[in-house]
Undergrad: 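I have a structure I would like to understand better, so I am pasting it below and will then ask my questions one at a time.
Each chain gets a letter, A, B and so on, in the order its sequence line appears, and its residues count up from 1. All values derive from a computational prediction rather than experimental measurement.
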Amino acid sequence: MRWSAAFIPTLRDAPADAEAASHQLLVRGGFIRQLHAGHYSLLPLGLRVHEKVAQIVREEIDAIGGQEFLLPAMHPASIWKQSGRWEAMGDEMFRLQDRGGADLALGMTHEEVFSHLATTLHSYKELPQVWYQIQMKFRDEPRPKSGLLRVREFAMKDSYSFDLDDEGLDAAFDAHHRAYVKIFDRLGLEAMPVQASSGAMGGSASIEFMVTSPAGEDDVLVCQSCTYRANVERGTSRLEPVLGSPSDEDVERFPTPGVRTITELENVEESAQAVNQIKTMVMVLDGEVTLALLRGDHQLNLQKLQDSSGAVDVRPATPEEAFEALGARPGSLGAVGVDGIAVFCDVALKERTGMVTGANEDDWHLRGVSVERDIDVNSWVDIREVQDGETCAECGGRLEIVRCIEAGHIFKLGRKYSTAMGISVLDSQGKAQTPTMGSYGIGIGRAVAAIAENHHDDSGLCWPLAVAPYHLLVTVLDVDDPEAMALADSVADLCGAAGLDVLVDDRDARPGVKFADSELIGIPYRLTIGSRSLSNGQVEFTPRVSGETAMLGKESCVEAVLDTILSTK
RNA sequence: CGGGCUGUGGCGCAGUUUGGUUAGCGCACUGGUCUGGGGGACCAGGGGUCGGAGGUUCAAAUCCUCUCAGCCCGACCA
């Protein structure tokens with residue numbers, strides 16, 4: 001490809017609204033352009049990277065026996081109603097109607113469609129199956145952001161396994177785990193597997209593959225001493241026991257005029273250090289007012305509450321709702337004596353005595369509260385969010401919180417969808433069995449962005465060879481010099497014949513422009529042909545990452561270039 | 001969904017407070033001359049219904065109302 005004929009609209013300035021490095025560089029380098037919020041056009045350069053990522057994913061899923069499909073992106077409401085997710089998915093699903101008024105949805109994921117197809121399976125002899133596709137997903141994200149990192153329309157590789165029993169599911173899950181490790185390795189992404197919440201999908205084991213980046217949206221607990229890694233939506237830590245006061249203490253009301261916060265209460269009541277307070281949070285779970293109790297110095301993790309309650313929709317109550325439920329305003333709320341409202345209590349409050357909490361009357365609190373004696377707890381749950389620096393539950397080491405991009409997610413679905421969609425096979429005894437499923441996703445565009453986040457410098461992108469839009473850029477400095485152009489063409493032909501993707505920068509532009517552009521778009525290797533070194537029979541070979549130039553003889557340069565590139569390929 | 005901010009040529013911005021010539025600057029783009037190894041210089045050009053609609057006014061990018069779009073933060077700190 002000749003640059004003079006290519007559409008590579010590079011920009012000197014990034015759009016003002018781009019913050020993430022990948023966002024800025026992908027736009028500046030002419031890889032992507034935004035159509036509207038959360039929807040990006042992939043330009044030729046961007047598509048080349050996208051395709052290379054997809055191909056690596058395809059090869060590794062094929063290698064574990066995956067079979068590729070291409071399913072519709074637009075689905076009838078019926079299959080989503082059958083699985084129960086027509087309601088459960090809420091506003092995140094794009095919905096529309098056809099001319100006949102039939103309800104349709106744009107697929108956010110494809111459990112339903114693959115499960116529907118799997119009703120064609122009838123015998124245990126047909127199992128196991130691993131089915132996958134690389135297809136656009138549509139999600140009406142409340143807040144698309146950061147270029148390709150969070151969008152509303154994106155290509156995703158999603159695979160699904162169907163097995164007769166748990167051993168089979170374990171094997172399919174482990175095979176995907178290994179495949180994902182290989183995929184991210186080939187993509188040049190250091191992705192760590194971490195324990196994760198299963199979220200709305202349900203299921204048991206759930207592992208996310210996380211890439212460290214400040215542009216990410218997930219916080220991961222990383223133990224500095226052992227291999228424990230978990231999303232904060234799932235992770236726990238070891239808590240030092242708190243010495244309580246005697247358990248025979250009586251509950252006592254005391255006035256706290258004007259006190260509204262935990263810190264203020266600490267200042268007016270000697271026994272009320274935050275660890276001795278009960279934080280009462282009024283939440284609304286699927287429309288039901290509910291209390292979530294935490295230690296005063298702890299913080300609620302919404303996802304944990306959602307997971308442990310099984311609720312679909314979780315939000316904090318408005319002050320009005322809280323007042324209606326408990327008769328006091330925020331700042332004086334408590335769960336003592338509360339009846340008829342579900343109470344979820346964090347396990348850190350187990351066996352705690354001598355606690356302080358709101359009295360459900362403005363400007364009054366209670367002391368001497370024994371959690372288990374005085375509060376009617378419906379369920380003990382882990383709903384607190386671990387903070388940076390806490391102690392690892394596995395080894396006692398220090399946990400650090402690391403900002404990450406979720407690049408892949410694998411989990412065991414179990415029989416939820418196979419049951420709902422009516423998949424059934426006969427086992428070797430002739431008895432009907434419901435297969436168990438796994439679901440495994442990688443966002444292709446997000447992987448492109450994650451690679452850009454992790455592989456760039458001040459001058460621009462530095463694509464790993466495996467995903468680079470071109471392997472080699474031949475930069476001709478004097479395009480009017482017939483010898484230079486002839487050499488460039490011959491290098492391009494020979495390297496192309498050897499399997500390399502080659503871009504020739506034949507633009508009549510100043511060297512500075514060409515060098516700056518070459519570094520911006522991040523082709524891994526550059527061969528510079530200029531009359532100055534060419535007069536000595538030499539050309540220059542520069543790896544993008546090191547920037548260190550080696551001189552090569554013009555006759556031997558093709559061989560040397562191929563040696564270098566093919567040996568690292 | 002709450003809060004904040006922003007919409008002026010392909011990109012980055014000024015002008016809006018205090019309404020008043022032909023809406024301006026840098027980059028990019030077109031033609032030309034020079035230049036020729038790190039975003040070069042000069043000359044001459046093209047491109048904008050100032051997000052949209054309505055209103056106030058002799059006069060609106062500027063004031064008012066509505067609306068659309070985009071970005072950031074928040075959506076647990078009781």
Undergrad: Taking atom P of G38(B) as reference, at what distance in whole Å does atom CG of D457(A) sit?
TA: 19 Å
Undergrad: Determine the Euclidean distance between corresponding C1' atoms of U8(B) and G52(B); express it in Å to zero decimal places.
TA: 14 Å
Undergrad: What does V27(A) touch in the nucleic acid at a heavy-atom separation under 4.0 angstrom: a base, only the sugar-phosphate, or nothing?
TA: nothing
Undergrad: Applying a 4.0 Å non-hydrogen cut-off, can you work out what T261(A) is touching in the nucleic acid: base, sugar-phosphate, or nothing?
TA: sugar-phosphate
Undergrad: Quick one: does R510(A) reach the base of G40(B) with a side-chain donor-acceptor pair under 3.5 Å?
TA: yes
Undergrad: Quick one: label R150(A) by what it contacts on the DNA or RNA (base, sugar-phosphate, nothing), any heavy atom closer than 4.0 Å.
TA: nothing
Undergrad: Between U57(B) and G12(B), how far apart are the two P atoms, rounded to whole Å?
TA: 37 Å
Undergrad: Side chains of C557(A) and V539(A): does their closest heavy-atom pair fall under 4.5 Å?
TA: yes
Undergrad: From NE2 of H36(A) over to C1' of G52(B), roughly how many Å is that when rounded to an integer?
TA: 18 Å
Undergrad: Considering only atom C1', compute the distance from C25(B) to G47(B) and round it to an integer number of Å.
TA: 15 Å
Undergrad: Taking the six-membered ring for Trp, are F31(A) and W463(A) ring centroids under 6.0 Å apart?
TA: yes
Undergrad: Quick check for you: among G36(B), C72(B), G12(B), whose closest atom lies nearest to any side-chain atom of D508(A)?
TA: G36(B)
Undergrad: Could you check K279(A) against D297(A) for salt bridge (charged side-chain N to carboxylate O under 4.0 Å, His left out), going step by step and ending with a plain yes or no?
TA: CA-CA 8 Å; K279(A) 182 189 284 190; D297(A) 57 332; over 6 Å; no
Undergrad: Taking the P atom in each of G40(B) and G36(B), what is the distance between them to the nearest angstrom?
TA: 15 Å
Undergrad: Let's test this: given Watson-Crick or G-U wobble pairing with both distances under 3.5 Å, identify the partner of C71(B).
TA: G4(B)
Undergrad: Measure from the side-chain heavy atoms of Q299(A) and tell me the nearest of G36(B), C76(B), G39(B).
TA: C76(B)
Undergrad: Nearest to the side chain of M281(A), heavy atoms from C-beta on, is which of G70(B), A78(B), G37(B)?
TA: A78(B)
Undergrad: For D13(A) and R28(A), run salt bridge (charged side-chain N to carboxylate O under 4.0 Å, His left out): C-alpha distance rounded to whole Å, both residues' side-chain angles, the deciding distance at 0.1 Å, then the answer.
TA: CA-CA 7 Å; D13(A) 298 313; R28(A) 281 188 57 209; over 6 Å; no
Undergrad: Across the strands shown, which category fits A18(A) at heavy-atom distances under 4.0 angstrom: base, sugar-phosphate, nothing?
TA: nothing
Undergrad: Checking all strands, does P330(A) fall into the base, sugar-phosphate, or nothing category for heavy-atom contacts under 4.0 angstrom?
TA: base
Undergrad: Which is true for A317(A) with a 4.0 Å heavy-atom rule: it touches a base, it touches only sugar-phosphate, or it touches nothing?
TA: base
Undergrad: Could you tell me the separation between the CD1 atom of I278(A) and the P atom of C76(B), rounded to a whole number of Å?
TA: 21 Å
Undergrad: Where do R150(A) and E217(A) land on the salt bridge (charged side-chain N to carboxylate O under 4.0 Å, His left out) test, with the steps shown first?
TA: CA-CA 9 Å; R150(A) 177 164 294 275; E217(A) 298 179 288; 2.6 Å; yes
Undergrad: What contact category does R260(A) fall into here, base, sugar-phosphate, or nothing, at under 4.0 angstrom with non-hydrogen atoms?
TA: sugar-phosphate
Undergrad: Please measure how far the C1' atom in A60(B) lies from the corresponding atom in U65(B), and state the result in whole Å.
TA: 15 Å
Undergrad: Is there a side-chain contact between Q34(A) and the phosphate of C71(B), meaning an N or O under 4.0 Å from OP1 or OP2?
TA: yes
Undergrad: Counting side-chain heavy atoms from CB outward, which of G38(B), G39(B), G26(B) is closest to D13(A)?
TA: G26(B)
Undergrad: Is there a Watson-Crick or G-U wobble partner for A44(B) with both distances under 3.5 Å, and which nucleotide is it?
TA: U30(B)
Undergrad: Have a look at K145(A) and say if it touches a base, only the backbone sugar-phosphate, or nothing, with a 4.0 Å heavy-atom cut-off.
TA: sugar-phosphate
Undergrad: Determine whether more than 12 heavy atoms belonging to other residues, nucleotides or ligands lie under 6.0 Å from atom CD of E400(A).
TA: yes
Undergrad: Taking only the side-chain heavy atoms of P316(A) (C-beta and beyond), determine which of C77(B), C71(B), A75(B) contains the nearest atom.
TA: A75(B)
Undergrad: Using whole Å, what does the distance between atom P of nucleotide G39(B) and atom CD1 of I521(A) come to?
TA: 18 Å
Undergrad: What distance, rounded to whole Å, do you find between the two C1' atoms, one in U62(B) and one in U56(B)?
TA: 13 Å
Undergrad: With salt bridge (charged side-chain N to carboxylate O under 4.0 Å, His left out) as the test, would you mind laying out the steps for D388(A) and R398(A) before giving the verdict?
TA: CA-CA 8 Å; D388(A) 190 73; R398(A) 181 188 155 83; 3.4 Å; yes
Undergrad: How close or far is atom P of C77(B) from atom CD of E264(A), stated in whole angstroms?
TA: 14 Å
Undergrad: From the list C13(B), G39(B), A78(B), which nucleotide is the closest neighbour of the side chain of V513(A)?
TA: G39(B)
Undergrad: So what does N301(A) touch, heavy atoms closer than 4.0 Å: a base, only the sugar-phosphate, or nothing?
TA: nothing
Undergrad: Just wondering, do V259(A) and D363(A) contact through their side chains at under 4.5 Å, heavy atoms?
TA: no
Undergrad: When all nucleic acid strands are considered with a 4.0 Å heavy-atom cut-off, which category describes L305(A): base, sugar-phosphate, or nothing?
TA: nothing
Undergrad: Looking only at side-chain atoms of L302(A), point me to the closest of G37(B), G70(B), C76(B).
TA: C76(B)
Undergrad: Please report, rounded to the nearest Å, how far the P atom of A69(B) is from the NE2 atom of H39(A).
TA: 12 Å
Undergrad: Between G37(B) and S531(A), counting only base atoms on the nucleotide and side-chain atoms on the residue, is there a donor-acceptor pair under 3.5 Å?
TA: no
Undergrad: Measure OH/Y40(A) against P/G70(B) and give the value in whole Å, please.
TA: 10 Å
Undergrad: Using Watson-Crick or G-U wobble geometry with both distances under 3.5 Å, which nucleotide pairs with A61(B)?
TA: none
Undergrad: For G48(B) and U22(B), measure between their C1' atoms and round to the nearest Å.
TA: 14 Å
Undergrad: Between A78(B), G38(B), G36(B), spot the one nearest the side chain of D478(A), thanks.
TA: G36(B)
Undergrad: Can you tell which of G12(B), C27(B), G36(B) lies closest to the side chain of R12(A)?
TA: C27(B)
Undergrad: Nearest of C76(B), C11(B), C13(B) to any side-chain atom of A16(A)?
TA: C13(B)
Undergrad: For the side chain of E372(A) and the backbone of S370(A), is there at least one donor-acceptor N/O pair under 3.5 Å apart?
TA: no
Undergrad: Heavy atoms only, 4.0 Å cut-off, all strands: where does G530(A) land among base, sugar-phosphate and nothing?
TA: base
Undergrad: How many Å lie between NE2 on H365(A) and P on A78(B), as a whole number?
TA: 11 Å
Undergrad: Do E519(A) and G38(B) have a side chain to base donor-acceptor pair shorter than 3.5 Å?
TA: yes
Undergrad: Using the C1' atom on both, measure U6(B) against U16(B) and round to a whole Å.
TA: 14 Å
